[in-house]
Amino acid sequence: MNKHFLGDTAVLLGRSLRHIARSPDTIITTAIMPIAFMLLFVYVFGGAIETGSDSYVNYQLPGILLITIASGISYTAFRLFLDMQGGIFERFQSMPIARSSVLWAHVLTSLVANLISLVVVTGVALVMGFRTGADVLGWLAVAGLLVLFTLALTWIAVIPGLTARSVDGASAFSYPLIFLPFVSSAFVPTASMPGPVRAFAEHQPVTSIVNAIRDLFTEQPVDADIWIALAWCVGILVVAYLLATVTYRRKIA
């Protein structure tokens, strides 16, 4: 690793964060869709969905938080694509900076932007009646899962950001990720689903992550779900990171 990696990453991270500060509409846009889903499910569909929970907003918030992240990482691919097309990468290559710092700056920018969006969405949920008895350790565990999930999806976003041929292609990959929570335990219990759909829902990563966050919020005993969720997040993160770095090296070779 280049000895200037941390300093270079910090400088480039500051550059990316200034872009976001000048255009806060990206964070607002990221938060609007999850909030709209939350309002729709709580006030329109919530009364017709039997979850066994006293409050439907408490039940569906973990899934909404994952949708917020999936929505936000599309902007990572978008910003990365614009830098590739604008020749910024070629300019950076002519400078004595760590090459990997360029990618890490985008990834950390995504993490910061998504954390802000998550705070906004959680604030709206509190206004809508979300309540939790989770202690500080419980909140830290939820935050840790969300950070891991954000990093995993962000490194996935890096790949289309580097390889897409159009702006639409760079961000369109996130659509399946946004709708994946709908085929999980995020909004309805998987027991109510038909056989094949239930099998898929119970064995995809979103369900275990949602169940783990829900248990932490409700102070339920943490069972195997949290370990399965961690395994999914770490596994996706490692694979996505390796593929993204290989793709990046080929692009700048």
Side-chain angles (χ1 to χ4, degrees), residues 6 9-38 57-58 60-80 101-128 130-132 134-158 161 171 173-174 177-178 180-181 186 205-206 209-210 212-214 216-217 226 229-230 232-234 236-238 240-241 244:
L6 293 179
T9 301
V11 171
L12 294 175
L13 173 61
R15 166 186 172 268
S16 296
L17 291 178
R18 283 192 295 273
H19 288 173
I20 290 180
R22 293 169 186 162
S23 182
D25 56 299
T26 57
I27 293 177
I28 295 171
T29 304
T30 297
I32 282 178
M33 184 174 65
I35 290 172
F37 281 142
M38 188 160 53
V57 67
N58 286 4
Q60 52 90 64
L61 180 60
I64 293 294
L65 295 178
L66 299 194
I67 288 176
T68 304
I69 295 169
S71 176
I73 54 109
S74 65
Y75 286 100
T76 301
F78 172 74
R79 288 189 292 265
L80 197 53
S101 63
V102 180
L103 285 188
W104 274 105
H106 279 282
V107 170
L108 294 177
T109 300
S110 171
L111 182 59
V112 172
N114 276 290
L115 287 177
I116 294 172
S117 297
L118 289 171
V119 170
V120 171
V121 172
T122 303
V124 174
L126 287 169
V127 173
M128 294 172 61
F130 169 70
R131 296 295 181 269
T132 174
D135 57 14
V136 174
L137 288 177
W139 275 102
L140 288 175
V142 170
L145 274 176
L146 293 175
V147 166
L148 272 177
F149 188 69
T150 302
L151 288 173
L153 292 197
T154 298
W155 280 108
I156 292 176
V158 167
S171 55
F173 83 98
S174 65
L177 299 177
I178 291 172
L180 196 58
V206 169
I209 298 170
V210 163
I213 294 175
R214 190 176 289 142
L216 291 166
F217 275 150
I226 193 165
L230 285 171
W232 272 114
C233 289
V234 173
I236 294 171
L237 174 58
V238 170
Y241 172 76

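In this view, Ser117 and Ile27, Thr30, Thr68 satisfy the side chain to side chain contact (heavy atoms under 4.5 Å, CB included) rule, not counting sequence neighbours. Not counting sequence neighbours, the partners of Leu126 by the side chain to side chain contact (heavy atoms under 4.5 Å, CB included) test are Phe130, Arg131. Scored by the side chain to side chain contact (heavy atoms under 4.5 Å, CB included) test, Leu180 finds Phe200, Gln204, Val206 as partners (sequence neighbours excluded). With sequence neighbours left out, the side chain to side chain donor-acceptor pair (under 3.5 Å) criterion links Thr150 to no other residue. Scored by the side chain to side chain contact (heavy atoms under 4.5 Å, CB included) test, Ala31 finds Ile35, Val120, Val121 as partners (sequence neighbours excluded). The ring pair (Phe, Tyr, Trp, His ring centres under 6.0 Å) test applied to Phe37 returns Phe182, not counting sequence neighbours.
Annotation: side chain of Val112 is not in contact with side chain of Leu108 (no heavy-atom distance under 4.5 Å). Leu115 places a side-chain heavy atom less than 4.5 Å from the side chain of Leu118. When side chains are defined from C-beta on, Asn58 does not count as touching Phe217, because their heavy atoms never get closer than 4.5 Å. Taking 4.5 Å as the limit, some side-chain heavy atom of Trp155 sits within range of a side-chain heavy atom of Leu103. Using a 4.5 Å cut-off on side-chain heavy atoms (C-beta onward), Thr132 and Trp139 make contact. Side chains of Leu111 and Thr154 form no contact here, defined as non-hydrogen atoms less than 4.5 Å apart. Using a 4.5 Å heavy-atom threshold, the side chains of Pro181 and Val210 count as separate. Leu146 is listed as a side-chain neighbour of Ile213, based on a closest heavy-atom distance under 4.5 Å.
A distance of 9.5 Å separates CG of Asp135 from CG of Leu216, quoted to the nearest 0.5 Å. With rounding to the nearest 0.5 angstrom, the CG atom of Asn114 is 8.5 Å from the OG atom of Ser71. Note that CD1 of Ile236 and CG of Leu151 are 12.0 Å apart. Values are rounded to the nearest 0.5 Å. Once rounded to the nearest 0.5 Å, the distance linking CG of Leu237 with CG of Leu153 reads 10.0 Å. A distance of 12.5 Å separates CZ of Arg214 from CD1 of Ile209, quoted to the nearest 0.5 Å. Rounding to the nearest 0.5 Å places CD1 of Ile178 at 12.0 Å from CG of Leu66.
Nearest heavy-atom pair, Ala157 versus Ala77, reported as atom, atom and distance to 0.1 Å: O-CB, 3.4 Å. Across Val124 and Met38, no two heavy atoms sit closer than the pair CG1-CE, 3.9 Å. In terms of heavy atoms, Ala186 sits closest to Gly63 at CB-CA, 3.7 Å. Of all non-hydrogen atoms in Ala212 and Leu145, the two that sit nearest each other are CB-CD1, 4.0 Å. The two residues Leu80 and His106 have their closest heavy-atom pair at CD1-CD2, 3.4 Å.
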Exercise for review: Could you go through the side-chain contact (heavy atoms from CB on, under 4.5 Å) check for Ile156 and Ile73 one step at a time?
Suggested key: CA-CA 9 Å; Ile156 292 176; Ile73 54 109; over 6 Å; no
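Using modelled atom types, one side-chain atom of Thr109 and one backbone atom of Ala105 make a donor-acceptor pair closer than 3.5 Å.
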